[in-house]
Q: 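To start, I am sharing the structure in question, which I have written as structure tokens.
Heavy-atom basis, side chains included; hydrogens, waters and symmetry copies ignored. Note that the structure is predicted; figures quoted are calculated from it, not measured. In what follows, every chain begins at residue 1, and chains take the letters A, B, ... in the order their sequences are listed.
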Amino acid sequence: MFAALHEKHEHKKVLPDLEGAEHGVVMRFAPNPSGPLHIGHARAAALNDAYVKQYGGRYILRIEDTDPKRVDPDAYEMVKEDIEWLRLGITETVTQSDRLPLYYDLCKQLIERGGAYICTCENEHFKALKDAKKACPCRDQPVETALSLWEKMLDGGFAEGEASVRVKTDLLHPDPAMRDFPIFRILDAPPHPKVEARIYPLMNFSVVADDHLLGVTHVIRGKDHIANTRRQRYIYDHFGWKVPVYRHYGRMGIEGVVLSTSQMRLGINEGKYTGWDDIRLGTLRALARRGISPDAVKNAMVAIGIGDVDISFSWDNLYAENKKLVDPVANRYFFVPEPVTAVVEGAPRRMAHAMLHPGDPSKGNRELPFEGTVVLPKSEIVPDAAMVRLKDLFNVKIAWAGSSPSFSYGGDSLADARTAKAHIIQWLPARQTLPCTLLTMDGKMQGVCEPAVAKEQGKVVQFERIGFVRIDTVSESGVLAYFTHT
RNA sequence: GCUGCUAUAGUGUAGACCGGCCAAUCAUGCGAGCCUCUCACGCUCGCGACAGGGGUUCGAAUCCCCUUAGCAGCACCA
């Protein structure tokens, strides 16, 4: 048994080593507060988290809210909740909108070093020059001029779009994206929900500033940032700062759920979705509602790893991870879909003892009294079924008079049921049922479940022969449950 | 178009840097069976891949080239 445990440990997926991480790491998860976190975010969050746990160090949550157009005031709280749900090992949190003065100061320093200039060219004009590998007139401005223009910018001397700060890079760089990219812009509207400002750093600048200021040593992010990494290197070089180690993982295609924040928001506003946790959405709160455990999400993401190849996310693999966690602890209950009432003739009244968990007898039993009338799943009452076995109770013979079945006691012998190839089915005493609606990804199932299910609100249980479900709400009208997986 | 990255079974992943121990790992999936008063769990067996083509080499999944395919970026978004 010890060997078995050891074996299992050996097979535990380990992430590839990170260069220069031997003495600990400082990593960060840097979401944009535009909505709740979804599975895509979970990959970055989990990968960084796993590395910080592996090597030890600090894990910074950095809220990147430097674009007021992409800030949803409610998202700050949602992101925080989602991260708590994921149980990330966050050691500190910073919000970029709190740090504007820091960026302004660093920008001034960059200008003083001759690494940046204030560009007042019209956008189209600059683009044309850039594409032709030519410098714009502003590029040659003396440092003093640049500094005073920067002051003017900060003092409101320019209207939106009239000026921006650009980094001096290499105008001959074969990739036009590298050539003198902008690092600050002016924005009058919309107002930022957290701070009064109109000069905003662009991501490439604030990221470098913060990564340096916070001592970030390793960055794991999607490969959509590869070009940004190259751009950011110019800023590091201007300052003479040490560059972190980067890893870029590939694109992850996720099917079956909606991930686009704007699409989700639109759908919610139109009433198409019930909210951010609508199970058709790919948000973490939707997964939570469906009964997916945060550890399953993290494990699945670590198993996917940091490969730079594009992959397609597998729900099967996530469900498998979740099942490993949930199966050992989920209580078992009967749920009878499309219940059919059956009076069983000639059967003795008795109490059925069904285990709450077959793998853990210490959890005890559910007591289900048989009083003559039961409900059975409609799908099991078919003409070619001459006998069924009510699980933990007894056998029932089915006789057909035309299209109407009648039920009679078929003995207690399990062996008889086996010989007759009778299905062992779930059932409920007719007088002890709780209406239950089971919501699945593609519809709903109506049925009845054991009244004791009401005590499991918020938990994942297994409806025998159906699958794992999360008991969402319990009200006077019954139970609402979400299907997790088989 | 330009710049760059990548290509292992249905899916994910190991092996690739330092060619031979790889007739290719593990997980998941699927199939068969065992176990079982759940169609779950567990166990056993099986299925299934080095994108294609050249080259280097005694020897290539691993190195080089080409082709094909996919992806990312080329924003005053992150």
Q: May I ask you to establish whether A:Lys397 and A:Phe407 are in a cation-pi arrangement, using a distance under 6.0 Å from NZ or CZ to the six-membered ring centre and at most 45° from the ring axis?
A: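 Here A:Lys397 fails the 6.0 Å and 45° test against A:Phe407.
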Q: Which nucleotide in the list B:G12, B:C74, B:U38 gets nearest to the side chain of A:Lys130?
A: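 Closest nucleotide among those given: B:C74.
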Q: Measuring from the side chain of A:Ile424 (C-beta onward, heavy atoms only), which nucleotide among B:A78, B:C37, B:C41 has the closest atom?
A: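 Nearest to the side-chain atoms of A:Ile424, counting from C-beta on, is B:C37.
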Q: Quick one: does A:Gln462 reach the base of B:U38 with a side-chain donor-acceptor pair under 3.5 Å?
A: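 Looking at the base of B:U38, it does pair with a donor or acceptor on the side chain of A:Gln462 (distance under 3.5 Å).
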Q: Does NZ belonging to A:Lys223 count more than 12 external heavy atoms closer than 6.0 Å?
A: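 Check passes, neighbour count above 12.
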Q: Report, as a single string ordered 5' to 3', how protein heavy atoms within less than 4.0 Å touch nucleotides 46-51 of chain B: B base, S sugar-phosphate only, - not at all.
A: ------
Q: Looking at A:Tyr409 versus A:Phe394, is the centre-to-centre ring distance below 6.0 Å?
A: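 Yes, they do, as the ring centres are separated by less than 6.0 Å.
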Q: Provide the distance between the two C1' atoms, one in B:C22 and one in B:U44, to the nearest whole Å.
A: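 To the nearest whole Å, 25 Å.
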Q: So, A:Trp276 side chain and A:Pro36 main chain: donor-acceptor pair closer than 3.5 Å or not?
A: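 Pair absent, no side-chain N/O of A:Trp276 close to backbone of A:Pro36.
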Q: In the strands shown, is B:A72 matched to any nucleotide by a Watson-Crick or G-U wobble pair with both distances under 3.5 Å, and which?
A: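 Matched B:A72 with B:U3 under the 3.5 Å cut-off.
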Q: Heavy atoms from C-beta onward define the side chain here; which of B:C37, B:A78, B:A40 lies closest to that of A:Asn228?
A: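 The nucleotide sitting nearest to the side chain is B:A78.
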Q: Closest to the A:Ala177 side chain: B:A75, B:G73, B:A78?
A: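 So the nucleotide nearest the side chain must be B:G73.
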Q: Any strand is fair game: report the nucleotide pairing with B:A40 by Watson-Crick or G-U wobble, both distances under 3.5 Å, or none.
A: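 Matched B:A40 with nothing under the 3.5 Å cut-off.
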Q: How would you label the contact of A:Phe463 with the nucleic acid (heavy atoms, under 4.0 Å): base, sugar-phosphate, or nothing?
A: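 It contacts nothing in the nucleic acid.
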Q: Mind checking who B:G10 pairs with, Watson-Crick or G-U wobble, both distances under 3.5 Å?
A: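 Its partner is B:U28.
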Q: Does B:C35 have a Watson-Crick or wobble mate here (both distances under 3.5 Å), and if so which one?
A: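 No nucleotide pairs with B:C35.
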Q: For A:Lys53, does the NZ atom sit with more than 12 other heavy atoms under 6.0 Å from it, leaving out its own atoms?
A: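 Yes.
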Q: Among the nucleotides B:A27, B:C37, B:C76, which one has an atom lying closest to any side-chain atom of A:Asp392?
A: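 For A:Asp392, the side-chain atoms sit closest to B:C37.
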Q: For the atom pair NE2 (A:His423) and CG (A:Leu376), what is the distance rounded to the nearest 0.5 Å?
A: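 If we round to the nearest 0.5 Å, A:His423:NE2 and A:Leu376:CG are 13.5 Å apart.
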Q: So, the side chain of A:His192 versus the backbone of A:Lys69: is there a donor-acceptor pair under 3.5 Å, distance only?
A: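 Answer holds: no.
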Q: Both distances below 3.5 Å, Watson-Crick or wobble geometry, any strand: find the nucleotide opposite B:U57.
A: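 Across all strands, not a single nucleotide pairs with B:U57.
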Q: Quick one: is A:Lys323 getting a side-chain N or O under 4.0 Å of the B:A40 phosphate, OP1 or OP2?
A: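 Checking A:Lys323 against B:A40: no side-chain N or O falls below 4.0 Å of OP1 or OP2.
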Q: For nucleotides 3-10 of chain B, give me every protein contact, N/O to N/O, under 3.5 Å, one pair per line with atom names.
A:
none

Q: What is the nucleic acid contact for A:His225, judged by heavy atoms within less than 4.0 Å: base, sugar-phosphate only, or nothing?
A: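 Base contact.
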Q: For the P atoms, the ones on B:C41 and on B:G59, what distance do you get once it is rounded to whole angstrom?
A: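 The answer is 48 Å between these two P atoms.
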Q: Specify the separation, in whole Å, of atom CZ of A:Phe313 and atom P of B:U11.
A: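 From A:Phe313 CZ to B:U11 P: 15 Å.
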Q: What's A:Asn204 touching, base or sugar-phosphate or nothing? Going by heavy atoms closer than 4.0 Å.
A: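 A:Asn204: no heavy atom of the nucleic acid under 4.0 Å.
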Q: Rounded to whole Å, please give me the gap between CD1 in A:Ile311 and P in B:U28.
A: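 Answer to the nearest Å: 17 Å.
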Q: Using whole Å, report how far CG of A:Asn322 lies from C1' of B:G12.
A: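 Computing the A:Asn322:CG to B:G12:C1' distance gives 17 Å.
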Q: Hey, which of these two, A:Gln426 or A:Lys127, hits RNA chain B nearer its 5' end, going by closest nucleotide?
A: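 Result of the comparison: A:Gln426.
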Q: Determine the contact category for A:Ser34: base if any of its heavy atoms lies under 4.0 Å from a base atom, sugar-phosphate if only primed atoms, P, OP1 or OP2 are that close, otherwise nothing.
A: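 It contacts nothing in the nucleic acid.
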Q: Here's one to test your reading of the geometry: is the NZ or CZ of A:Arg366 within 45 degrees of the ring axis of A:Phe334 and under 6.0 Å from its centre?
A: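 The answer is yes; both the distance and angle limits are met.
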Q: Between A:Leu393 and A:Thr486, just flag the one whose closest nucleotide in RNA chain B comes earlier from the 5' side.
A: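 Residue closer to the 5' terminus by nearest nucleotide: A:Leu393.
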Q: Are the side chain of A:Thr169 and the backbone N or O of A:Met178 linked by a donor-acceptor pair below 3.5 Å?
A: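 Between the backbone of A:Met178 and the side chain of A:Thr169 there is a qualifying donor-acceptor contact (under 3.5 Å).
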Q: Listed by chain and number, what are the side chain to side chain contact (heavy atoms under 4.5 Å, CB included) partners of A:Ser164, not counting sequence neighbours?
A: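 Applying side chain to side chain contact (heavy atoms under 4.5 Å, CB included) to A:Ser164 gives A:Cys119, A:Arg166.
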Q: Looking only at atom C1', what distance separates B:G42 and B:C58, rounded to whole Å?
A: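 Rounded to whole Å, the distance is 49 Å.
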Q: B:U11, B:U38, B:A75: which one has an atom nearest the side-chain heavy atoms of A:Ser312?
A: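 Nearest nucleotide to the side chain: B:U11.
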Q: For nucleotides B:A16 and B:C50, find the distance between their C1' atoms and express it as a whole number of Å.
A: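 Looking at atom C1' only, B:A16 and B:C50 are 11 Å apart.
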Q: When you compare the side chains of A:Ser260 and A:Ser262, does any donor N or O come within less than 3.5 Å of an acceptor on the partner?
A: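 Yes, A:Ser262 and A:Ser260 have a side-chain donor paired with an acceptor closer than 3.5 Å.
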Q: With a non-hydrogen cut-off below 4.0 angstrom, is A:Asp67 in contact with a base, only sugar-phosphate, or nothing?
A: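 Contact class for A:Asp67: sugar-phosphate only.
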Q: Do the side chain of A:His238 and the main chain of A:Lys168 share a donor and acceptor less than 3.5 angstrom apart?
A: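 Checking the backbone N and O of A:Lys168 against the side chain of A:His238, a donor-acceptor pair under 3.5 Å is found.
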Q: Go through B:C76, B:U38, B:A78 for me and flag the one nearest to the A:Asn123 side chain.
A: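 Looking only at side-chain atoms, A:Asn123 lies closest to B:C76.
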Q: Could you give the distance separating B:U36 and B:C30 at their P atoms, to the nearest angstrom?
A: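 Roughly 23 Å separates the two P atoms.
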Q: Tell me: NE2 of A:His192 to C1' of B:C76, nearest whole Å?
A: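 Those two atoms, NE2 and C1', are 16 Å apart.
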Q: Taking the P atom of each, how far is B:G4 from B:C66, in whole Å?
A: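 To the nearest whole Å, 13 Å.
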Q: Would you say the side chain of A:Glu380 and the base of B:C39 hold a donor-acceptor pair, judged only by whether the two atoms sit under 3.5 Å apart?
A: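 Looking at the base of B:C39, it does pair with a donor or acceptor on the side chain of A:Glu380 (distance under 3.5 Å).
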Q: Take atom CZ of A:Arg418 and atom C1' of B:U36, then tell me their distance rounded to the nearest Å.
A: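 Checked: the CZ to C1' distance equals 7 Å.
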Q: Does the base of B:C71 carry an N or O that pairs as donor and acceptor with the side chain of A:Arg251 under 3.5 Å?
A: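 It does not, because no donor-acceptor pair links the side chain of A:Arg251 to the base of B:C71 below 3.5 Å.
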Q: For B:A51 and B:U68, measure between their C1' atoms and round to the nearest Å.
A: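 That atom pair is separated by 8 Å.
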Q: Assess whether salt bridge (Lys or Arg N to Asp or Glu O under 4.0 Å) is satisfied between A:Arg99 and A:Asp210, documenting all intermediate values.
A: CA-CA 9 Å; A:Arg99 300 162 66 82; A:Asp210 280 335; 2.7 Å; yes
Q: For the pair made of CG in A:Asn331 and C1' in B:U38, what is the distance, rounded to whole Å?
A: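 After rounding, the reported distance stands at 14 Å.
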Q: Just how far, in rounded Å, is P of B:G1 from CG of A:Asp131?
A: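 Whole-Å distance recorded here is 16 Å.
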Q: According to the Watson-Crick and G-U wobble definitions, with both distances under 3.5 Å, which nucleotide is paired to B:C17?
A: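 B:C17 is paired with nothing.
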Q: At 4.0 Å (heavy atoms only), tell me whether A:Gly250 reaches a base, stays on the sugar-phosphate, or touches nothing.
A: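 The answer is nothing, as A:Gly250 stays clear of every strand by at least 4.0 Å.
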Q: Using modelled atom types only, decide if a donor and an acceptor are shared between the side chain of A:Arg332 and the backbone of A:Ala330 within a distance under 3.5 Å.
A: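 Side chain of A:Arg332 to backbone of A:Ala330: a pair is present.
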Q: Can you tell me, in whole Å, how much space there is between the C1' of B:A32 and that of B:A7?
A: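 Straight-line distance between the two C1' atoms is 34 Å.
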Q: Assign A:Pro31 to base, sugar-phosphate, or nothing according to its heavy-atom contacts below 4.0 angstrom with the strands shown.
A: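 Touches nothing.
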Q: Between atom CE in A:Met203 and atom C1' in B:A75, what is the gap in whole Å?
A: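 Taking CE of A:Met203 and C1' of B:A75, I get 12 Å after rounding.
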